[in-house]
There are 2 protein chains.
Amino acid sequence: MILSKSCVYAIRATLYITAQENREYIPVKEIAKELNLSFHFLTKILQGLTNASLMKSYRGPNGGVAMARSADSIYLIEVIDVMDGLDIFSECLLGLPNCNDINPCPLHEEWAKNRTSIHKMFQTMTLSQIVNNIDKLRLGL
Amino acid sequence: MILSKSCVYAIRATLYITAQENREYIPVKEIAKELNLSFHFLTKILQGLTNASLMKSYRGPNGGVAMARSADSIYLIEVIDVMDGLDIFSECLLGLPNCNDINPCPLHEEWAKNRTSIHKMFQTMTLSQIVNNIDKLRLGL
DNA sequence: GACATTTAAGATAAAGGAGTCTGAAATATG
DNA sequence: CATATTTCAGACTCCTTTATCTTAAATGTC
Ligand code: SF4
Ligand code: SF4
């Protein structure tokens, strides 16, 4: 898998939150239940997003978490960056050291092309765009 | 990283072996030294390839390992299959369950395109092709 | 203020991948 | 046959990721 499980959970959670328009703070417990994830694990993951200022949170009754900015200005790559970092988009496929563009292996061009393509995809896709184009009922499960 | 470390080590080792034309069996100790890998770890990895009949081995002095078939008929995907399996080429990017082609998320088409492209790359590239197009001195390190 | 709700923080545990080590089996050489 | 070489087999350790659990802090409601 390209993305870690934590990263995928983070993406799914932010998509769920984005789909809940007209609501202020969403309890983590609700998100965990709807997405069928461990509450405590998801809590820790979303805390990471909150510390990175991608989300905001509020304690106490009626509290929960929410996106820090409008979801149509949040790109998938931002969530990925917080969770996994961006190394995957510059890493070599074969992990060979001492490789450079001057004398690349036969895989390099093809690999670099796809790597860039995937990177661009994450850089241009916002949370809103995904939510608006998906059957919202499918976000859970 | 898309491929596991073991898989990358396996690929690098098979490339090194392929580059050693005119030689019968190559000792694992030599490969490990040249590629700067742990001998015992590489031994275990190459045993896997041998058990999968991708390589053959011979014990005792002058023994070692060799590719089971001509390297120009061995495709990268075969090594990857033995080490990591082929699930990565059908897996969903986001690991979402209950996803299908009828009602895909906005990422699906782009992701599937690149996934297929990478798969094809591994399916069409032989060990010989890589070795013939790379600076052999760079295989070590 | 008492109490219930909810996130924050951090310790702990379980699982898998990565890497190490030891001894057994095979084989060439003398 | 004795010895050195080399793969085979499996146990074992180490590290990272994944997941669980416990306690504290904040906050709304009565
Ligand atoms: S040349 Fe090949 S091995 Fe080197 S960085 Fe590019 S893809 Fe990786
Ligand atoms: S539709 Fe999206 S989430 Fe579903 S399998 Fe395709 S890429 Fe994954």
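This one's a predicted model, so the numbers in the text were calculated from it and none came from an experiment. Each chain gets a letter, A, B and so on, in the order its sequence line appears, and its residues count up from 1.
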Check your understanding: Taking atom types as modelled and ignoring hydrogens, do the side chains of N114(A) and S117(B) form a donor-acceptor contact shorter than 3.5 angstrom?
Key -> yes
Practice item. Find the distance between OG1 (T14(B)) and CG (L46(B)) and round it off to the nearest 0.5 Å. Key: 8.5 Å
Study note, to complete from the structure: When rounded to whole Å, the CD to C1' distance for the pair Q47(B) and dT20(C) reads 14 Å
Check your understanding: Between dT27(C), dT29(C), dT7(D), which nucleotide has the shortest distance from any of its atoms to the side chain of Y58(B)?
Key -> dT27(C)
Review point. Between dA19(D), dG28(D), dA18(C), which nucleotide gets closest to the side-chain atoms of S38(A)?
Key: dA19(D)
**Study point:** No-H, no-angle donor-acceptor pair, K44(B) side chain to dG19(C) base, under 3.5 Å
**Key:** yes
Revision key, fill the gap. Output for pair (C105(B) SG, N133(A) CG), nearest 0.5 Å, gives 9.5 Å
Check your understanding: Does a nitrogen or oxygen in the side chain of S4(B) sit under 4.0 Å from OP1 or OP2 of dG17(C)?
Key -> no
Review point. Can a side chain N or O of T50(A) be found less than 4.0 Å away from OP1 or OP2 on dT7(C)?
Key: no
Review point. In whole angstroms, how far is the C1' atom of dA9(C) from the CG atom of N51(A)?
Key: 10 Å
Check your understanding: In whole Å, what is the span from the CD1 atom of I45(B) to the P atom of dG19(C)?
Key -> 8 Å
Exercise for review: Please report, rounded to the nearest Å, how far the C1' atom of dG17(C) is from the CD1 atom of I2(B).
Suggested key: 18 Å
Exercise for review: To the nearest Å, give me how far apart CD (E24(A)) and P (dT27(D)) are.
Suggested key: 15 Å
Review point. Should the ring pair F89(A) and H119(A) be called parallel, tilted or perpendicular, given that the plane angle runs from 0 to 90° and is split at 30 and 60?
Key: parallel
Check your understanding: How many Å lie between NE2 on H40(A) and C1' on dT6(C), as a whole number?
Key -> 11 Å
Review point. Are side-chain N/O atoms of E24(B) and Y58(B) paired as donor and acceptor at under 3.5 Å?
Key: no
Review point. Once you round it to whole Å, what is the distance between P of dC8(D) and NZ of K29(B)?
Key: 14 Å
Review point. Between S6(B) and dA18(C), does any side-chain N or O lie under 4.0 Å from OP1 or OP2?
Key: yes
Review point. Counting side-chain heavy atoms from CB outward, which of dT7(C), dA9(C), dA9(D) is closest to V28(A)?
Key: dT7(C)
Review point. Can you check the N62(A) CG to dA4(C) P distance for me, whole Å?
Key: 16 Å
Practice item. Give Y9(A) one of three labels, base, sugar-phosphate or nothing, depending on what nucleic acid heavy atoms sit under 4.0 Å from its own. Key: sugar-phosphate
Study note, to complete from the structure: Heavy-atom nearest nucleotide on DNA chain D taken for R59(A) and for L37(A); more 5' hit belongs to L37(A)
Practice item. Between dT27(D), dT7(C), dG19(C), spot the one nearest the side chain of F41(B), thanks. Key: dG19(C)
